[in-house]
Participant: 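Please read through the structure below; I'll follow up with questions.
So that the names make sense, note that chain A is the first sequence line, chain B the second, and so on, each numbered from 1. We use all heavy atoms of the structure for the numbers below, so side chains are in, but hydrogens, waters and symmetry mates are not.
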Protein chains: 2
Amino acid sequence: MVPLTKEEEDIIRELVKEKDVPRKKFMHQAGEVASYSAFVVEGCLRSYTVDRDGFEHILQFAPENWWISDMYSLVKNQPSELNIDALLDSKILLLSRSCQVSIYDRIPKLERYFRILTENALAASNQRTINYLSLTAKMRYEKFCTLYPTLINTIPQKSIASYIGITPEFLSKLRAERN
Amino acid sequence: MVPLTKEEEDIIRELVKEKDVPRKKFMHQAGEVASYSAFVVEGCLRSYTVDRDGFEHILQFAPENWWISDMYSLVKNQPSELNIDALLDSKILLLSRSCQVSIYDRIPKLERYFRILTENALAASNQRTINYLSLTAKMRYEKFCTLYPTLINTIPQKSIASYIGITPEFLSKLRAERN
DNA sequence: GCATATTCTTAATCTATGTTAAGAAATTTT
DNA sequence: AAAATTTCTTAACATAGATTAAGAATATGC
């Protein structure tokens, strides 16, 4: 999306840390203040909350080439309610919030890149809210399938159920319905 | 949030159009491609979809000093599903998408301002998604009351019901419960 | 490759929330 | 301020989706 010169690439390479996250290992845990965003090079991460009854609710999947973070904790500097862990063995690039800001100062077009990225994330989040308000569970599942075709066979069904806001049992029933 | 010089103020004043929007009048209608963001100087706007059964679902309230737009339509350049209208007689500032970009080029710190604004909107939207996934209707109503105390007495209850994703009848019942 | 743990399915039962309807209260228009 | 419209409340009944439980299928760790 943003063409970079060799020097700009070097700046970024210096500020970003590569990391392997094996399946089920955390990149971030609830209770801590988030200080990193992650770009998924390979694999898949997810962010989720755990409610008072111990149920997990997935906020975001981040397959390859997606960014993931706890935006709330990052911008408010407050302890976060979110956990971020790997659904598959993954390789990520970590960018700390302070590095991010220093990149913006040194390479302004990256501030534009992240602004646009965030605008797209907001548009997608709004769309998801509208889906909750106006669609049945079945319709949300069908939308999910067309929106994330690659995820359907790589992540457990119960994770999809959690993302669309239903129980795994009910998702199982919905799937049985459509022969 | 962003201190401006006299000249910068003049640039902005030139690119922004002031407009009065009487109660129930539209700033934007579904089907059109959105090309403006609006800053609410006075009054209150809302964005909402109308589903196939004719029910309204409110995505956002914008009381004084908030921005409102159809981010999806704006960034994808696609016809929007959202209507934006005034809940109260309002005065707004309209900023077209093209002016917005030209402001970014002329006053880079405003690109930062809008990046931060969008990050905050995303954090709030994520929070709302988590609320849907993990809270009952009653808890969502209570959260709404603490989050938007000023709205509770200025907008119809049925609008609150629509925003938190329940019917007005059920909200009425919830309110009766807590004596 | 076997044992263990996790995920998925099915079915019976339960419950939070929706629907319908009708009157009361509040607000807006004339 | 009366009439008309919109919003709010209440109550009986309906339903989408949750819960519980148990077995079957898959996946994982050793």
Side-chain angles (χ1 to χ4, degrees), chain A residues 21-25 43-44 46 48-58 61 83 85-90 131-145 151-179, chain B residues 21-25 43-44 46 48 50-58 61 85-90 131-145 151-179:
Chain A
V21 187
R23 204 169 94 85
K24 294 196 177 175
K25 289 283 183 275
C44 184
R46 64 162 180 167
Y48 65 98
T49 35
V50 178
D51 69 24
R52 56 210 165 284
D53 301 320
F55 291 107
E56 293 177 358
H57 303 279
I58 297 181
F61 294 112
N83 298 288
D85 68 6
L87 284 173
L88 310 169
D89 292 339
S90 304
N131 288 348
Y132 267 103
L133 294 174
S134 63
L135 302 183
T136 62
K138 179 163 213 176
M139 293 162 98
R140 296 202 302 276
Y141 175 62
E142 282 159 1
K143 271 221 170 167
F144 183 93
C145 291
L151 285 183
I152 292 169
N153 300 306
T154 46
I155 67 175
Q157 249 169 235
K158 63 168 201 166
S159 295
I160 298 174
S162 166
Y163 183 91
I164 64 178
I166 61 178
T167 58
E169 293 85 356
F170 190 59
L171 177 55
S172 205
K173 190 192 242 175
L174 290 181
R175 285 165 47 85
E177 269 174 37
R178 26 178 229 164
N179 342 346
Chain B
V21 186
R23 202 167 96 87
K24 296 198 175 171
K25 288 281 184 274
C44 184
R46 63 163 181 168
Y48 65 98
V50 179
D51 70 22
R52 56 211 163 286
D53 301 320
F55 291 108
E56 293 177 0
H57 303 281
I58 297 181
F61 294 112
D85 68 7
L87 284 172
L88 310 170
D89 291 339
S90 304
N131 289 347
Y132 267 103
L133 293 174
S134 63
L135 303 181
T136 63
K138 179 163 213 175
M139 294 162 100
R140 295 201 304 275
Y141 175 62
E142 281 158 2
K143 271 218 167 168
F144 183 94
C145 291
L151 285 184
I152 292 169
N153 299 308
T154 46
I155 67 175
Q157 249 169 235
K158 64 167 199 165
S159 295
I160 298 173
S162 166
Y163 183 92
I164 64 178
I166 61 177
T167 58
E169 293 84 355
F170 190 58
L171 177 54
S172 203
K173 189 192 241 172
L174 290 181
R175 285 165 45 87
E177 270 174 35
R178 24 178 232 166
N179 347 346

Participant: Could you give the CG-to-C1' distance, from A/N153 to D/dA27, as a whole number of Å?
Facilitator: 15 Å

Participant: What is the separation between atom CG on B/L135 and atom C1' on D/dA18, rounded to the nearest whole Å?
Facilitator: 16 Å

Participant: Would you please classify the geometry between the B/F61 ring and the B/F144 ring as parallel, tilted or perpendicular, with 30° and 60° separating the classes?
Facilitator: perpendicular

Participant: For A/E169 and A/R140, take the nucleotide of DNA chain D holding the closest heavy atom to each; which residue's nucleotide lies nearer the 5' end?
Facilitator: A/R140

Participant: Please determine, for the side chain of A/A137, which listed nucleotide (C/dT10, C/dT7, D/dG17) has the closest atom?
Facilitator: D/dG17

Participant: Round to a whole Å and report the spacing from NZ of A/K158 to C1' of D/dA25.
Facilitator: 15 Å

Participant: Looking at D/dG17, C/dT28, C/dT7, which one has an atom nearest to any side-chain atom of A/P156?
Facilitator: C/dT7

Participant: Taking 4.0 Å as the cut-off, does a side-chain nitrogen or oxygen of A/R175 come that near to OP1 or OP2 on C/dC8?
Facilitator: no

Participant: Between A/D85 and A/R46, is there a salt bridge with N-O shorter than 4.0 Å?
Facilitator: yes

Participant: Under 4.5 Å between any side-chain heavy atoms of A/V50 and A/N83, yes or no?
Facilitator: yes

Participant: Can you tell me if A/Q157 touches the phosphate of C/dT9, counting only side-chain N or O atoms and a distance under 4.0 Å to OP1 or OP2?
Facilitator: yes

Participant: With the side chain of B/K24 defined as its heavy atoms from C-beta on, choose the nearest nucleotide among D/dT9, D/dA18, D/dT6.
Facilitator: D/dT6

Participant: Find the distance A/L171:CG to C/dT9:P and express it as a whole number of Å.
Facilitator: 8 Å

Participant: Round to the nearest Å and state the distance from B/I155 atom CD1 to D/dT6 atom P.
Facilitator: 18 Å

Participant: What integer distance in Å separates A/K173:NZ from C/dA11:C1'?
Facilitator: 8 Å

Participant: If you check every side-chain atom of A/F170, which of D/dT7, C/dG18, D/dA18 has the closest atom?
Facilitator: D/dA18

Participant: Indicate whether OP1 or OP2 belonging to C/dT17 is found under 4.0 Å from a side-chain N or O atom of B/T167.
Facilitator: no

Participant: Starting at atom OH of B/Y141, determine the distance to atom C1' of C/dT17, rounded to an integer number of angstrom.
Facilitator: 17 Å

Participant: Can any side-chain N or O of B/N131 pair as donor or acceptor with the backbone N or O of B/L135 at less than 3.5 Å?
Facilitator: no

Participant: Evaluate the side-chain proximity of A/C44 to A/L151: yes if any heavy-atom separation is below 4.5 Å, no if none is.
Facilitator: yes

Participant: Rounded to whole Å, please give me the gap between CD in B/E177 and C1' in C/dT17.
Facilitator: 11 Å

